[in-house]
Amino acid sequence: MSALVLDGVQTRIGRYSVLHDVSFTVPEGGVFVLLGRNGAGKTTTLRSIMGLWQPEAGSVKFGATELRGMHTSAIARLGIAFVPEDMGIFRGLTVAENMVLATESGRFDQKRLDWIYDLFPALKKFWHSAAGGLSGGQKQMLAVARAIIEPRKLILIDEPTKGLAPAIVDAMAEAFREISERTTILLVEQNFEFARSLGRDMAVIEDGRIVHRGSMDAFAEDRELQTRLLSLSV
Amino acid sequence: MNTLSRTLERFGGVNLLPVIVALVALLLTGSASTWVTLTVAGLAMGMMIFLMASGLSLVFGLMDVLNFGHSAFASLGAFIAASVLAHMGGWLGADSWVLNIAAFLVAIGAAVIFGLIGGFLFETIIIRPVYRDHLRQILITMGALIVAEQIIFVIWGGSPISVARPKVLEGSLIWGDISIGNYRLFAVFLGVLVYGALHLLLNRSRVGLLIRAGVENREMVEALGYRIGRLFIGVFMLGSALAAMGGAMWGGYQTLISPTLGAQMMIVVFIVVIIGGLGSIQGTLLGALLVGLIDNYVGFLMPKMALASNMILMMAILLWRPNGLRPAVK
Amino acid sequence: MTHAAPQTPSLETRDLTIRFGGHVAVNAVSCAFRPGELTVIVGPNGAGKTTYFNLISGQLKPSAGQVLKDGRDITRLAPSGRARAGIGRAFQLTNLFPQLSVLENIRLAVQARAGVGRQFLRRAAAHTELTRKAEGYLEATRLTGIAHQTAAALPHGDQRKLEVALLLAMEPDVFMFDEPTAGMSLDHAPDVLELIAEIKKDTRRTVLLVEHKMDVVRALADRIIVLHNGTLLADGKPDEIMNSDLVREVYLGKRGAA
Amino acid sequence: ADPIKIALVHGTSGASFDVYSKQSETGFEMGLEYATKGTMEVNGHKIELIHKDTQFKPDVARAVLAEAYGDDDALIAVGGTSSGVTKGMLPIAKEYKRILLVEPAVADSLTGPDSNRYVFKTSRNSSMDMQAQALALKPGKDLHVATLAQDYAFGRDGIKAFKAALKGTGATVVDEEYAPIKTTDFTAAAERMFNALKDKPGRKVILIYWAGGGDPLGKIAAMDPGRYGIKLSTGGNILPALAAYKAVPGMEGATYYYYEDAKNPINDWLVKEHEKRFGTPPDFFTAGGMAAALAVVKAIETAKTLDTEGLIKAMEGMSWETPKGKMTFRKEDHQALQSMYAFKIKVDPNVKWAIPELTRVITPDEMNIPIGRHDQ
Amino acid sequence: MTDTTSTARTSAGRTSTGRHVVRLLALVIGLALLFAPFLFPGVRALEVAARICVFVVLVASYDLLIGYTGIVSFAHTMFFGLGAYGTAIGLRRIGEGWDGLILGGAAGVAVALVLAILVGLLSLRVRAIFFAMVTLAVASVMLVLASQLSGLTGGEDGITYSVPDIFSPATALLHDAHGKTLRLMGVRMTGKITAYYFVFAGSLALFLVLLRVTVSPLGTVLKAIRENEGRAEALGYRVVTYRTFVFGFSAVIAALAGVLYATWLKYTGPDTTLGFDIMVDILLMVVIGGMGTMWGAVIGAALMVLAQYYLRDLMEAGAAAVANVPLLPDMLNPDRWLLWLGVVFILLVYFFPAGIAGTLMSREVSK
Ligand SMILES: Nc1ncnc2c1ncn2[C@@H]1O[C@H](COP(=O)(O)OP(=O)(O)OP(=O)(O)O)[C@@H](O)[C@H]1O
Ligand SMILES: Nc1ncnc2c1ncn2[C@@H]1O[C@H](COP(=O)(O)OP(=O)(O)OP(=O)(O)O)[C@@H](O)[C@H]1O
Ligand SMILES: [Mg+2]
Ligand SMILES: [Mg+2]
């Protein structure tokens, strides 16, 4: 079973064609990693799935549902969460208020909340402070926490580890592993270590096109491929 | 300064300001009956301003939309209510106060309904493309203000229109030397009602949060699954309806209205929202009451200063608290 | 490694402290930084690293303590004054002039350094030397190809590079980098790291770097200081610090960091 | 013979007073019709009307007036709705050496020192309003007055004229209140006036001199000044504003025009025709416009030469009949002296407004209107 | 957020055809103004031309604030008014010659500068929107003052006065063989012509200064402040100083425009200089022309002033044409020209947020 199928997605932003032909299949469960250099089109891909850019051609299938053409909020209500590159924190709201908005009912499941507190202790400490005052890493934690505060079917995450201290990165890897047992995660990452430790399947995007698809293990083995696609060996 | 504001905080914070102002005024006026008359008149005036400002507080304070068209809704509300009242002479003049009030409520209702519809159109046609862009908001809503004023000219002609008032709301309650206008009492009643409703709406539900979040980052709110667009329309409709209601009430108070009614009130209304602090209905109420009270006290004590009192109040408060008295967003 | 550190520190903080409400974000940090030295500041998220930077460059006013540049107390200066005093920084969250082109962004920094910003009757284009300089920095950061794009349209990685380019163009004595390579892909990051290494070679310059990537830290650091809950926890040679239990516990180790 | 061009220069857009301009222009056209018996010809010259919009902006007004004189070659221009705009127009008349007939702008200063010999004025001025107002109060030793006016030149001048009219009658002004132009809440001012008046013996009156909205009359009446034996008084107003006077039955004051108060054949015709054509009785500015038209026609008829100098000669000292009875251009400053009407308010539920019932006509010789300009 | 970045990839350094079109347009308008007395005979045409000249300067100086620096101020007419009132009072009190004009004008400009610096230093630190409200408050206090100090200002009625003889229409500049005023191409060479060229030359000079400022190093800094003031500060630019400087500078230019206008009109009153209506006009002109383009001021001012003076004539014709259709004549009633102006304005902001000049300029040459 596949959770998400992109087929021939083309997206333009303003006058510029950014995605030319993006096709890949995210299997259900586990972490799927999308890799690529700066400006390759990773963020644009996630935004196209989320309906924040409307692809002009191709299809985005979530299970049996065609996402292309749907409104972002409707896509979200299918059980898809999104952690944007810029974190999308509501700076004027408190941490608690940020989190409340990410729940469906307006109430927290205490067990899950405790789990998040445990994962990101800083959030507990600053629960009632304005989110704008958080440190860069704490904001990143909040962004991730919002995505996992309720069970979802699919989580799209854009570079969650940037700016996080090593200890937190480890903790987050653990958490993602746990979540991915029930939830599909589509992860965009520059931190190859982190991506490799989590990813089951992967794709590489280059200049708006998918140039490689395969399993993470195979890719991790193939140094030559890494060098060619990501300049990794440097 | 610091200790002063801290002690103030302990006894209810800035909410005490109107009380302090009133006490100082009592010392200065010297006559209890005059003071009571002035105070009640000031509170009532404040409430009436609040009615008009509440809509702006929603739209400007929460949604961060600088809507100069707000005053157009106030003007149109006043004219619509006046037209309805003109056709209800029978009820208005009747001896039964129930009929009197009913007629008035019908008129206000008409203004509110207009505000809802107008707000919907206004949001979808005018405001939608300019969220987060103050400059274009100022410009486009100013254009809309011109158009709306001209439409009033086309429909009602330019001559001032007199507003019929229900019989029970004419005159005053007189106790000894104290006099309190009936119309003002009604305005206070309505103001309290509106305040209560808004308070519940914004604090007992996630609406307030969502709006503030949506203004900051619309995309993210949508990505969390909310139809922020609809919510914004809703809020805008509510804001416009409140403006129309405020205009209708103001029209009745003015008794003779012209198309510039809203525009004339605009500055005061903006001042009230700014004094109160963006995004808080409590702040707006506080600001409105302060403006109403100070206007009356200064008018009595130093008539020469009456004109500048609002401006001075605003400057003083902004210097003391650059974000206003009770900002919800900092 | 050039370690000919002269006696007078170019930058010094004394008991630098700031509180947000009840929370002490930076707590009495005293530390001196010498020219020709690259200091990496590490610490868990929320330790106060960015806040410490903000206090030094003036975005925040301290609740207590002082900042000294070449022995002069600059605590009361506004950020612009400190920039003119020779303190330059790049921001953790990208902070550019979004609607201006890449070249214009850099020109602004070059022009600030040259101090011609107040000329209002002379054509900016007449300062050809400034334009040439700006183009030089574009080249150094490999941004030449996109000089005429508006900053807002750049992909994240290029924005980070531009952020670094702005700092270079300011030509300060003290360079402060706040996670310069966060979110940068592996083909870009080396460019930036090379640039930093280049700056470090000049013995008149002081470099402060906040970084979470340990390989980067190892490669560049002359000295590491550790912040934790706003206090200066450790200060010393890289290997000393990296191997200390304390640092392991609060920063590197599995969980247990706040 | 050549047609005679007359330019009507009023504000017809841009402010809410544009209805006043409309009334004035309607009145002017009806006046022409009446005076020429519908032929629109005077002494064989066809009258051509040119309409210019000042947009209530003095700079625009100056431009269109200059255009009327210079490009359109108008012999006479009539207009100015707001006093400020009209003030700006005065020098243009002098520059082009053409006649400007001011109607309906009110201010005294339009025939004051800044004016010039090319300017005539058919509209009343504030001094007339206030003197008539004073006379309507039947001033005497027992009269105590507190005044309320807007705090700007217009309001202060009015009260000054009012006090001048009371001088020597024994009446005292106990308190003068000046409130900001756009005041809407009169509680404070009313309290001050009540306090000043309430312990005085004799007749106690609050005189209100207020232009535009705000409704001080209704609001102060609602505070029941009667409990202190205080009466309110104010001048007449246009019909829509008279509705608010229903709050003060029995109030006395003086007005410039009310269609039932003026009794003469011209007014009868005006009222009849106006009701026939527009379904409403004529108002202030309709009467004023008509008076201006009648003046123009008479001037053209009697002028020896049909040019500016000839007209000036004919108009200085000229008397003519209007819907308000006889008017006379004073030779010195060209202000038209005219009657005013003292009234008492009657409320009739079947009439939309309160009726200012005539108590007596105040004739020009009862008033002592200061001469504005001495540079004839 | 993202909807603003979609058009963001304009290539700032290159000159595009659109840029040329804009300059050509401005040049055509400039030439038309230069030869206005000869090209467009008639009193009104000259009034219109002079008003365009003055408003180009006024709008351009406002563009420096709003378009380049991102400062929203509602006090611009106040400065305009101070210049005009200074001149008017000078001519009235000191004498109707050059001394009155220069002393009065200088006093007006000086007051404007001082006031601008005070307001700027006091409140340019607060949020932009609050600053806008503060300027609104200050401007309305000034309007009240002008009304209250009627001894000095003439109150609501304003002041009329005479100007130096060389500007007076009664003065003949050149005489022909018969000793009468010379006619050149059918235009009488009176003081009116000198007055016009005084206004034209003054406006041109001020406009060129403004144009120069925008391409100066300072101009770039202003844009930087608009874009991201915190970052500009971090680069070493003292933001409050720059803001205050540009606020004062544009106030001075506005006051000078006021001097020109007062000299031309020979009348100064609240409605010609201080009123909020004029503020709205300026805003409309800036937007129609295109904010942050400077050339847009020329186009915006010309179009708006022409509309103010001629749109109603056009509508009169329109209304006559549709006289038999119900309702339409009412809407096309020339007195409702503001209605259509408002509608056009909204459409402009909606479809061409960058204004005429801005829209043209962003059209690139094919790559
Ligand atoms: N708002 C925009 N306007 C114009 N072009 C854009 C915009 N956003 C992105 N682009 C362009 O689209 C391309 C892909 O950008 P995208 O952000 O998807 O890259 P990315 O793979 O996420 O890179 P990074 O790793 O740096 O985040 C880039 O060339 C970028 O210039
Ligand atoms: N403006 C502010 N208001 C309130 N608290 C603040 C503010 N700025 C920083 N803080 C708090 O101060 C602490 C230090 O934040 P700082 O940004 O300096 O952390 P950091 O060490 O840079 O972390 P990171 O590695 O995540 O960037 C955090 O706990 C943060 O919540
Ligand atoms: Mg990206
Ligand atoms: Mg940080």
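So you know, we letter chains A, B, ... as the sequences are listed, proteins then strands, and number each from 1.
Other residues, nucleotides and ligands place no more than 12 heavy atoms under 6.0 Å from the CG atom of E/D165. Applying the 6.0 Å contact sphere to CD1 of E/I166 captures no more than 12 heavy atoms from other residues, nucleotides or ligands. Within a 6.0 Å radius of NZ in D/K46, more than 12 heavy atoms belonging to other residues, nucleotides or ligands are found.
Note: D/D59 leads D/L110, D/L90, D/D59 in heavy-atom pairs under 4.5 Å with chain E. Options D/P180, D/A66, D/A107 differ in how many heavy-atom pairs under 4.5 Å they form with chain E, and the most are formed by D/A66.
If you take CD on D/Q55 and OH on E/Y309, they are separated by 7.5 Å, rounding to the nearest 0.5 Å. Note that OG of E/S162 and NZ of D/K94 are 6.5 Å apart. Values are rounded to the nearest 0.5 Å. Going from atom CG of E/D271 over to atom NZ of D/K87 covers 12.5 Å, rounded to the nearest 0.5 Å. Note that CG of E/L265 is 5.5 Å distant from CZ of D/R62, once rounded to the nearest 0.5 Å.
With salt bridges taken as basic N to acidic carboxylate O contacts below 4.0 Å, one links D/D114 and E/R92. In summary, E/R44 and D/D71 do not engage in a salt bridge, as defined by a charged side-chain N under 4.0 Å from a carboxylate O.
If you measure heavy-atom distances from D/S109 to chain E, the contacts under 4.5 Å come from the side chain alone. Residue contact with chain E, scored on non-hydrogen atoms closer than 4.5 Å, involves the backbone and the side chain of D/P58 alike. Contacts of D/Y178 with chain E are absent, with no heavy-atom separation under 4.5 Å from either backbone or side chain. Heavy-atom distances place no part of E/Y161 under 4.5 Å from chain D, backbone and side chain included.
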Criterion side-chain contact (heavy atoms from CB on, under 4.5 Å) on D/I92 and E/Y267, from CA distance to verdict: CA-CA 10 Å; D/I92 304 289; E/Y267 166 83; over 6 Å; no

Criterion side-chain contact (heavy atoms from CB on, under 4.5 Å) on D/D151 and E/Q148, from CA distance to verdict: CA-CA 7 Å; D/D151 193 6; E/Q148 296 272 301; 3.3 Å; yes

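No side-chain heavy atom of E/E47 sits under 4.5 Å from any side-chain heavy atom of D/E67.
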